[in-house]
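Below is one structure, written out as structure tokens; the observations come after it.
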Amino acid sequence: MVKKMKGWSGKLLWINLSKNEAKVIDYPKEWAKEYLGGRGLAIRLLWEYNPPQIDPFSPENLLVFSIGPLTGLPLPSSGKLQVASKSPLTGGYGDGNIGTIFSVEMRKAGLDAIVFYGKSSKPVVVNIENDKVLFENAEDIWGLDSWETEEKLRKKYGKFAGIVEIGTAGERLVRFSTVMSQEGRSGGRPGIGAVMGSKMIKAVVIKGSRGFDLFNEKLLKIEGGRAFKEIREKPNYNFWMREGTMATIEWAQEVSVLPTHNFSEGVFDGYEGISGRTMESMKIGQRGCPNCNMQCGNIIVDVDGKKSELDYENVAILGSNIGLSSLKEVGTLNRIADQYGLDTISLGGVLGWVTEASQKGLTRNIDGRKIEWGGFKTYKELIHELTFRESELGNVLAEGTSHACEKIGGCEFVVNVKGLETSAYDCHTAPGMALAFSTSPIGAHHKDAWVISWEVQNDRFSYGREKAAKVIELQRIRGGMFESITTCRLPWVEVGLSLEHYPLLLYYATGVKYNWDDIYTIADRIYALIRAFWIREYGGWNRDKDMPPEKWFKKPLTKGPLAGGKLSYDGYNNLLNHYYDIRGWDENGVPTKETLKKLGLEFTIPTLEKITNLK
Ligand code: PTT
Ligand code: SF4
């Protein structure tokens, strides 16, 4: 008899929307141990079951919701859900990490993953109770925004049901639409909401009551309690509770990395209007994810008198990056993005890019408006137009900056990597962060390696091996471990919770004694498999795909203490060589056969050999 797993259920729910069928299946037990869960499980499933090179909007493209062995447990910030698919924005691997009761209920339902396959013929709410699935007609809510949708569904399914949904943008297949929950939670930057929309899923509801087996529940609770206590006692806890990530605005301005005017500068004259201090003076409350004692969503009232949840990325990218210095106006754009279910970071990237394009006269042929930096009213109109694909310009912008610049020109000042618009750090003078963006497994997102704070404090301008090694170390912990145990990383990143809790918590949950070498190997396995997936989907690879935006090399900063600063091509190539070398990838960024074998990824070799000259 197969021994029952602890910490994982070993089960996933496979939902076929084309046939309105669902079944629970056991996935291979070794996948749990070798990939942990969350992102790791998602990429293993996508590699295995996605037909190569399919259109992300085709019914065969899997949409995966997955959790990890620590999700939903009584330990800090454990209410997170991974949402993953082949991205319609980048054409490669895409995922996001969203804080929602859904993850906790999924855990209680005894499911490590939910896989959506096929396409419903009508808008649908997928209603899950443990392993029972109902496909409920959603025609009456198709067309509602994410807030209205959730409000309606809460009335029907109750306050404590796990609910995730898409807004209007996901329905209209805007390529940077996200999966939304609980008004301010948003996940899946590379268009995972659009994949949900392509399957006609308006929302997924889940309730679980089956419970789950842990290796040592008593010790897990004690260790989890210790970690909660440690967080509360940290010296910066009170400041964090007041400002959350918003204090980063002042820091970014001080060190010249605050993205300004489509990432042309690192300082912004109007930064005080959008600063952490300003936010504090306007704050009316805070909210966040389940099981968290350091909730970071800061709420202010926006221009329209509605509540908007702010953090650094949203404010910088919809503030300084488009020339807005009024926090209330920024809050309005951010809140509209939440309601429509648009990723704020890509939205700010798109608006920044189109403003620069308009200033250079490139939009003239398709749109009569001249877009000005800080043009709040025009930005509001454009957000509406791109969400509903109403105007010609709106329809082009809904495709993201890579697609848009192919249509109207201006690719030389697009600020994205692999098609995903860059998170809110200007990298003219931050080569390590540029490397982090360029080698992130989903495109230019900061979540895998926020190396910039380390970089600014330590040898900022070098392109040496130590910097590449630091990026990889952070990718292993953040992008490998946290995305796969599937809990929030901020207790460690922001208030300094000791990382040593995590191997212990993993042991008490699963009974498996992982040391740091084991955890790093799992992380490397996940990264190499994600890279193999990109190579398979793109039909080849070269190092140009791991290059930062051209602008940071060619257009130096003109303002602030680092005026004149820009990236060096030779320097960056040197840094990238170190990165590939440490990872065991060849000079084009392809994992070598030896690396693949070492990581237990032999099964990728026959596919990759057909595509590239595998070394
Ligand atoms: C995340 C990305 C981020 S990262 C921000 S602000 W950040 C933006 N937030 C958006 C938003 O809000 N509304 C919206 N419509 N779009 C948005 N897009 C952007 O999405 C988020 C937090 C944050 S806030 C961060 S750093 C941490 N990210 C984590 C992560 O990636 N992994 C992990 N294990 N823990 C994390 N903890 C923190 O979670 P994506 P959330 Mg997010 C209004 O989803 O796709 O990963 O993109 O999920 O519940 O909102 O929590 O300064
Ligand atoms: Fe969610 Fe913020 Fe808490 Fe992390 S720290 S779990 S993002 S509320």
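Bear in mind that the values here come from a model prediction, so they are computed numbers and not experimental data. Counting starts at 1 for both ligands and their atoms, in listed order.
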If the threshold is 4.0 Å, N to carboxylate O, is there a salt bridge linking E105 and K108? yes
Could you say whether the N/O atoms of D338 and ligand 1 ever approach to under 3.5 Å? yes
One finds that the ligand 1 atoms under 4.0 Å from a non-hydrogen atom of G184 are 12 (O), 43 (C)
Nearest to atom 28 (N) of ligand 1, what protein heavy atom do you find, and at what distance? R489 NH2, 3.4 Å
Does ligand 1 have an atom under 4.0 Å from some heavy atom of T178? no
Does ligand 1 have a heavy atom under 4.0 Å from the side chain of D311, from its backbone, from both, or from neither? side chain
I want to check something: taking the side chain as every heavy atom from C-beta on, are W450 and L474 in contact at a cut-off of under 4.5 Å? no
Should the heavy atoms of other residues, nucleotides or ligands under 6.0 Å from CD of E280 be counted, would the total exceed 12? yes
Check each of E309, E313, K80, E494 against atom 36 (C) of ligand 1 and report the one with the nearest heavy atom. K80
Taking both backbone and side-chain atoms of H446, is any N or O found less than 3.5 Å from an N or O belonging to ligand 1? no
Run down the list L310, D448, I345 and name the one with the heavy atom closest to atom 3 (C) of ligand 1. I345
Side chain, backbone, both or neither: which applies to R185 and ligand 2 if a contact is any heavy-atom pair less than 4.0 Å apart? side chain
Could you tell me whether K447 and D95 make a salt bridge, using a distance below 4.0 angstrom between a side-chain N and a carboxylate O? yes
Does some non-hydrogen atom of R478 fall short of 4.0 Å from ligand 1? no
Protein heavy-atom contact under 4.0 Å for atom 10 (C) of ligand 1? yes
For the 3.5 Å polar cut-off, considering only N or O atoms, please tell me whether L342 and ligand 1 meet it. yes
Which of the numbered atoms in ligand 1 are under 4.0 angstrom from any heavy atom belonging to E483? 30 (C), 31 (O), 32 (N), 33 (C), 34 (N)
Sort out for me which residue in R335, K307, K380 forms a salt bridge (Lys or Arg N to Asp or Glu O under 4.0 Å) with D302. R335
Which protein heavy atom lies closest to atom 4 (Fe) of ligand 2, and at what distance to 0.1 Å? C488 SG, 2.3 Å
Just say parallel, tilted or perpendicular for the rings of F482 and W492, cut-offs at 30° and 60°. parallel
For the residue pair S275 / T278, report whether a side-chain donor-acceptor contact shorter than 3.5 Å exists. yes
N, O or S from C292 under 2.8 Å to atom 3 (Fe) of ligand 2: yes
Under a plain distance cut-off of 3.5 Å, with no hydrogens placed, do S78 and N291 share a side-chain donor-acceptor pair? yes
Residue, atom and distance of the protein heavy atom nearest atom 8 (C) of ligand 1 read N314 OD1, 3.2 Å
So do the side chains of D426 and S256 get within less than 4.5 Å of each other, counting heavy atoms only? no
Ligand 1 atoms nearer than 4.0 angstrom to some heavy atom of H445 are 1 (C), 2 (C), 46 (O), 47 (O)
So which of G297, G288, S186 gets nearest to atom 50 (O) of ligand 1, if we judge by its closest heavy atom? S186
Taking atom types as modelled, find out whether K283 and N298 have a side-chain donor-acceptor pair closer than 3.5 angstrom. yes
When you compare the side chains of T344 and N314, does any donor N or O come within less than 3.5 Å of an acceptor on the partner? yes
Would you mind telling me which of E148, E150, E171 makes a salt bridge (Lys or Arg N to Asp or Glu O under 4.0 Å) with K202? E171
Indicate whether any N or O donor in one side chain lies under 3.5 Å from an N or O acceptor in the other, for S103 and T71. no
State whether E183 and R287 are salt-bridged, where the test is any N-O pair (Lys NZ or Arg NE/NH1/NH2 against Asp/Glu carboxylate O) under 4.0 Å. yes
Nearest to atom 19 (C) of ligand 1, what protein heavy atom do you find, and at what distance? D343 OD1, 3.3 Å
Is there at least one pair of N or O atoms, one from M180 and one from ligand 1, spaced under 3.5 Å apart? no
Any chance NZ of K152 has more than 12 other-residue heavy atoms, nucleotides or ligands included, within less than 6.0 Å? no
Report yes or no: does K328 contribute a side-chain atom to a donor-acceptor pair with the main-chain N or O of G305 at less than 3.5 Å? no
Closer than 2.8 Å to atom 1 (Fe) of ligand 2: does that hold for any N, O or S atom in C289? yes
T487: heavy atom below 4.0 Å from ligand 1, yes or no? yes
Nearest non-hydrogen protein atom to atom 2 (Fe) of ligand 2, with distance, is C296 SG, 2.3 Å
Report the nearest protein non-hydrogen atom to atom 46 (O) of ligand 1: residue, atom name, distance rounded to 0.1 Å. N97 N, 3.2 Å
Starting from atom 41 (P) of ligand 1, what is the nearest protein heavy atom, named by residue and atom, and what distance separates them? R185 NH2, 3.6 Å
How close does the nearest protein non-hydrogen atom get to atom 37 (N) of ligand 1, and which residue and atom is it? C488 SG, 3.1 Å
Which bit of L490 gets closer than 4.0 Å to ligand 1, counting heavy atoms only: side chain, backbone, both or neither? side chain
Option set Q295, R287, K80, criterion heavy-atom distance to atom 7 (S) of ligand 2, minimum: K80
Ignoring hydrogens and geometry beyond distance, is a side-chain donor-acceptor pair present between Q82 and T486 at under 3.5 Å? no
Ignoring angles and geometry beyond distance, decide whether T344 reaches within less than 3.5 Å of ligand 1 through its nitrogen or oxygen atoms. yes
Per atom 49 (O) of ligand 1, closest listed option by heavy atom (G99, G96, A337): G99
When you measure from atom 45 (O) of ligand 1 to every protein heavy atom, which one gives the shortest distance, and what is it? G188 N, 2.7 Å
Do Y502 and E223 have a side chain donor and acceptor closer than 3.5 Å? no
